[in-house]
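Since the structure comes first, as structure tokens, the remarks are kept for the end.
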Amino acid sequence: MKVRVTAGPYTFGAVLEDEKAPKTCAAILAAMPFESQVVHVRWSGEGVWVPLGERDFGVTYENHTSYPAPGQMILYPGGISETEILLAYGGVHFASKMGQLAGNHFLTITEGLENLHDLGVRTLWQGAQALRIERV
């Protein structure tokens, strides 16, 4: 399924990884349009994230990774650290102050990849950016 991700002034085309992470994709679809803000990661490298506190999407691990590639979005369902969504724009080793984490790779950006690095730098130097994930 195709979706649109708007982050800051950038719009990205993306696909949900519904064959590899069906439960996570269903939970994200149920939350659409998903609106929040991204901030720059603290421990993970080149990524932006959405801290979600105790929010429970009702999923466990599926298609999980600690090393999302640029353009991959992952959902950490909570447990050791708070629930969060992370979007890699460069090299990422997903972690928190508690140590290495793994999140469910549920979305891959397919259009606008040339703007990912600019989103990351903008978020690092200018602060939180609006985020919206919606069906196309």
Side-chain angles (χ1 to χ4, degrees):
M1 174 176 291
K2 292 186 177 185
V3 296
R4 178 176 26 249
V5 176
T6 305
Y10 307 105
T11 300
F12 304 96
V15 294
L16 290 178
E17 300 291 345
D18 53 342
E19 289 185 19
K20 296 177 182 175
K23 293 176 184 173
T24 304
C25 290
I28 293 296
L29 278 169
M32 284 188 190
F34 178 85
E35 295 183 318
S36 190
Q37 291 185 317
V38 293
V39 294
H40 202 274
V41 298
R42 294 180 276 195
W43 294 277
S44 299
E46 296 176 316
V48 296
W49 70 299
V50 180
L52 296 168
E54 298 298 317
R55 183 165 181 174
D56 185 359
F57 283 90
V59 298
T60 58
Y61 290 115
E62 62 178 359
N63 197 37
H64 52 289
T65 181
S66 295
Y67 300 96
Q72 292 182 344
M73 190 173 279
I74 61 176
L75 169 70
Y76 175 70
I80 297 171
S81 187
E82 70 180 291
T83 302
E84 64 185 88
I85 291 174
L86 179 142
L87 172 61
Y89 71 85
V92 168
H93 178 181
F94 183 41
S96 75
K97 62 184 174 183
M98 303 302 289
Q100 183 172 334
L101 301 173
N104 300 344
H105 171 207
F106 72 92
L107 181 148
T108 302
I109 290 180
T110 56
E111 299 170 22
L113 288 165
E114 68 277 6
N115 294 318
L116 271 177
H117 186 265
D118 290 345
L119 170 64
V121 171
R122 173 188 275 281
T123 306
L124 177 63
W125 292 106
Q126 296 181 20
Q129 303 290 307
L131 173 73
R132 181 179 172 94
I133 305 171
E134 61 190 330
R135 295 180 198 226
V136 175

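Just so it is clear, the structure is predicted and the values come from calculations on it, not from any experiment.
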Atom [atom1] of [X] and atom [atom2] of [Y]: how far apart are they, to the nearest 0.5 Å?
X: Leu75; Y: His105; atom1: CG; atom2: NE2; value: 12.0 Å
X: Asn63; Y: Thr65; atom1: CG; atom2: OG1; value: 8.5 Å
X: Met73; Y: Thr24; atom1: CE; atom2: OG1; value: 13.0 Å
X: Gln129; Y: Leu124; atom1: CD; atom2: CG; value: 11.0 Å
X: Leu101; Y: Trp43; atom1: CG; atom2: CH2; value: 10.0 Å
X: Ile85; Y: Phe34; atom1: CD1; atom2: CZ; value: 4.0 Å

Under 3.5 Å, which donor-acceptor pairs link side chains of residues 1-12 to any protein atom two or more places apart or in another chain?
| residue | atom | partner | partner atom | Å |
| --- | --- | --- | --- | --- |
| Arg4 | NE | Glu134 | OE2 | 3.1 |

(request) Of all the heavy-atom pairs spanning Ala128 and Val39, show the shortest one and how long it is. (result)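 Looks like CB-CG1, 3.8 Å.
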
Residues 46-61, side-chain donor-acceptor partners within the protein, below 3.5 Å, at least two apart:
| residue | atom | partner | partner atom | Å |
| --- | --- | --- | --- | --- |
| Glu46 | OE1 | Gly91 | N | 2.9 |
| Trp49 | NE1 | His40 | O | 3.3 |
| Asp56 | OD1 | Gly58 | N | 2.7 |

(request) Mind running side-chain contact (heavy atoms from CB on, under 4.5 Å) on His64 and Ile74 for me, showing each step along the way? (result) CA-CA 8 Å; His64 52 289; Ile74 61 176; over 6 Å; no

(request) Name all residues meeting the side chain to side chain contact (heavy atoms under 4.5 Å, CB included) criterion together with Val92; count only those two or more places apart in sequence or in a different chain, and write none if there are none. (result) Ser44, Pro68, Leu86, Ala88, Phe94

Say whether [X] and [Y] are linked into one hydrophobic cluster, either directly or through other cluster members, by side-chain heavy-atom distances under 4.5 angstrom.
X: Leu131; Y: Phe106; answer: yes
X: Met98; Y: Tyr76; answer: yes
X: Val121; Y: Ile109; answer: no

Donor-acceptor contacts under 3.5 Å from residues 14-22 side chains, at least two apart:
| residue | atom | partner | partner atom | Å |
| --- | --- | --- | --- | --- |
| Glu17 | OE2 | Thr108 | OG1 | 2.6 |

(request) Determine whether Leu107 and Leu87 make a side-chain contact, defined as any pair of heavy atoms from C-beta on separated by less than 4.5 Å. (result)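 The answer is no; the side chains never approach within 4.5 Å.
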
(message) Quick test of your reading: applying side chain to side chain donor-acceptor pair (under 3.5 Å), list the pairs with at least one residue in residues 26-39, sequence neighbours left out, ordered by first then second residue.
(response) Glu35-Arg132

(message) So, using side chain to side chain donor-acceptor pair (under 3.5 Å) as the criterion, who are the partners of His93 when residues are at least two apart?
(response)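 Here the qualifying residues are Tyr67, Gln100.
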
